[in-house]
Amino acid sequence: MADEEQERAPRPTRTAEIVPLRLPAVVDEPVPLADPRTGDVDEWGRSERVRAFVRKAYDPMYRRWFRAEWEGLENIPAEGGALLVSNHAGAIPSDAPAIVHGIETELGRPIYGLADHFFKGTPVVGTLWARAGGVVAHPDNAYRLLREQQQLALVFPEGTKGTSKTYNERYRLRRFGRGGFVEIAMRAGVPIIPIAVVGAEESMPILFKLPSVAKAFGLPYFPITANMAFGPLGAAVHFPAKFKLRVLEPVTFDDVESDQPRYSRSRIMDESEAIRQQIQEALFDMLRQRRSVWFG
Amino acid sequence: MGRRVLITGLSTFWGGRLAQALEADPDVDVIIGLDTREPRVKLERTEYVRSDENYSILSRIVKATGVDTIAHTFLVVDSTQMSSRAVHEINVIGTMNLFAAASAAGGTVRNVVVKSAALVYGSSPKDPYWFRETDKRTGTPRTRVERSLLEVESYVRDFARDNPHVCLSLLRFCNVIGPDISTPIVNALQMPFVPKVAGFDPRFQLIHEDDVVSAILFALDQQIPGIFNVAGDGQLPWSEITAIVGKRGIPMPPFGIEMATDPLRRLGLVDLPPELISLLKYGRGIDNRRFKAAGFRYQYTSAGAVEAFVEALRLRKTVGDRDAAYHYEEDVEQFFRHSPAVLRDHPPS
């Protein structure tokens, strides 16, 4: 009886019953959250819808203009991450869209192009570039793409050093950066797939450069191209050089562990140089067999 | 013995909501709220102490009350709210005094939660798309708020190093969105035309205001030491956010925009802090997986937070200015709370 009375006695009301506040849910199994997205822009800024449109628009260019021909496409895995590495050329590089288009149409899987942050900082260009699959080349971005999401990524280790070289230096590879691409592939535990591209050099050859103009506009370089002879419209159009792309054997690093904070610098530089040599030799081999710049 | 909690910035949105939530916790014995202004929310048992903006009385309060937990929510992250002088006083000097008081010899403080912001990472084209807690910003901080937050974080680090017995959680929140809070983004989305920068469509990451309160409570409850990014899952472009809200964007020139908006800002016509302008160009993403690994569960993704915000706005437009969930009749509540006629051992059905 006494117990009952005690139970009946008023106890202070807890404010929890009055103040409606949703405390963190203590659920063991995470419930998938509603994610009411309307667009299809992914976390990298790539939009499959935009890509589909670009593919449609670029396809005639790829097939009729450059008449791109692949060799060794089977070296690119149908699934799993891989870092594609290629030579880079042309004042406005024509190799990047050709490689991306070729892989997306032939293999049917998306590919992300890692490039300088210069693009992201440029209005309009930056947005279009991101929607078409461009990603700022940051080690963290590359790791997340390759390791965690097992995607394909394309990188040009020469960077603007490759695209800014003049015509008389064509098909001579520049320094492969500081070998960062090797370190990323090691950390992500993915193979590097070297690609040699012939044709981009002749599609927009640089005759000479104007460093002072580049400086004034904050551009990486300001080229005077042969295409400019065809007027302001011609300056933006590539010459119809025959494109040949050769995918080389994947380079794997089975003996190094992934996810390490640091890798041997000498090993990185050796691997980087070896890959550069491979692409260089493949290029010379392809040039030896090439009878015509325009017809292959 | 229950916990004794000190909340800084009681009259801010976060301080108020946090105090309300802690009042509901029977394990919390004492809640003391510090601020320069009166609290704006209904509080039952929180004790409000008015202080000057840099908390010079703080050490006396800490000593006298023997608080063991401090929730430092009074950090200004929106530079449109006040002058840069005041921001410096509140953020830097306030934090300095707070930690000086908390680290006094023989102190009772064992648990500190600091509400910082992802602003410390900045926003630049060189950034990784997902900042981790260990990452440094890529550009130099240009705005007063960012610089002050970096200084605050350096005090936080010093405090954590000097007081290893204190469990300190530093939470970095991304941009908050919600019907009850006023932030530059929330304000921008409520303008008839939403500002955007021509030629840019950055990816944004957002967190709902409810998740922010839950996150602070979670950190207080779980006592997890370290730095944590707190943000909703996923990123979505600014254009998509404006589309969900159902507004049209008004493009601003991509160059010289700070200069262009500065006179308008002085006239009070636009309310665009410089931090938001760089965000509208380059966006920012923070990696929230560490906080998730600590056990926190979000209620909203970035897109979900926008959706919830819009729905609350629509409801408010039709029903009134308060969210229905927070609307109750004061007198009736007082009756339920204090009348002896109410049977209290039956759970409310």
Side-chain angles (χ1 to χ4, degrees), chain A residues 4 6-47 116-128 130-131 135-145 148, chain B residues 17 20-21 23-26 42 44-45 124-132 135 197-201 203 210 213-215 217-218 221 233-237 239-240 243-244 254-255 281-282 285 296-304 306-307 325-326 328 333 336-337 340 342-345 348:
Chain A
E4 231 172 78
Q6 219 166 18
E7 269 175 33
R8 280 281 163 106
R11 64 173 172 82
T13 310
R14 290 169 52 193
T15 33
E17 291 153 17
I18 298 157
V19 183
L21 213 136
R22 279 160 273 175
L23 291 160
V26 246
V27 277
D28 293 325
E29 290 164 42
V31 195
L33 296 173
D35 195 29
R37 291 289 306 270
T38 53
D40 71 334
V41 178
D42 68 7
E43 61 181 270
W44 305 105
R46 182 184 185 273
S47 158
D116 193 79
H117 58 80
F118 166 78
F119 290 100
K120 196 182 173 187
T122 313
V124 185
V125 175
T127 307
L128 292 175
R131 295 293 171 272
V135 172
V136 173
H138 190 285
D140 289 359
N141 290 346
Y143 179 84
R144 197 175 167 105
L145 268 173
E148 291 166 12
Chain B
R17 288 280 290 266
Q20 285 182 323
E23 283 184 345
D25 187 346
K42 284 248 158 295
E44 278 288 301
R45 59 190 182 102
S124 105
K126 293 178 196 166
D127 291 346
Y129 287 20
W130 301 92
F131 275 107
R132 284 169 308 182
D135 288 338
V197 181
F200 288 98
D201 192 12
R203 289 158 302 102
D210 288 351
V213 179
S214 308
L217 285 173
F218 179 82
D221 188 51
D233 282 344
Q235 298 184 13
L236 66 167
S239 60
E240 196 178 321
I244 295 177
F255 305 107
K281 280 181 173 173
Y282 311 121
F296 185 70
R297 298 271 172 271
Y298 291 89
Q299 280 182 52
Y300 299 96
T301 62
S302 288
V306 181
E307 182 79 12
Y326 298 96
Y328 57 85
E333 280 310 326
F336 280 127
R337 221 172 287 179
V342 175
L343 304 176
R344 289 178 207 282
D345 50 351

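In what follows, chains are A, B, ... by sequence order, proteins preceding strands, each numbered from 1.
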Non-hydrogen side-chain atoms of B:Gln235 and A:Val41 separated by less than 4.5 Å: no

So for [X], is it side chain, backbone, both, or neither that comes closer than 4.5 Å to the heavy atoms of chain A?
X        : result
B:Asp127 : backbone
B:Ala198 : backbone
B:Ile244 : side chain
B:Phe131 : neither

Suppose we call two aromatic rings close when their centres sit under 6.0 Å apart. Are B:Tyr298 and B:Phe296 close by that rule? yes

Return the minimal non-hydrogen interatomic distance between A:Gly45 and A:Arg131, and the atom names on each side. O-NH1, 2.9 Å

What pair of heavy atoms forms the shortest contact from B:Pro125 to A:Gly121, and how long is it? CB-N, 3.9 Å

Are A:Thr127 and B:Asp201 close enough that a side-chain donor and a side-chain acceptor fall under 3.5 Å? no

Would you please classify the geometry between the B:Tyr282 ring and the B:Phe200 ring as parallel, tilted or perpendicular, with 30° and 60° separating the classes? perpendicular

Quick one: of A:Val135, A:Val136, A:Asp116, who has the most non-hydrogen atom pairs under 4.5 Å with chain B? A:Val136

At a heavy-atom separation under 4.5 Å, does [X] approach chain B through its side chain, its backbone, both, or neither?
X        : answer
A:Asp42  : backbone
A:Val125 : neither
A:His117 : both
A:Asp35  : both

Taking the six-membered ring of B:Tyr129 as reference, does the cationic atom of A:Arg144 (NZ for Lys, CZ for Arg) lie under 6.0 Å from its centre and within 45° of its axis? no

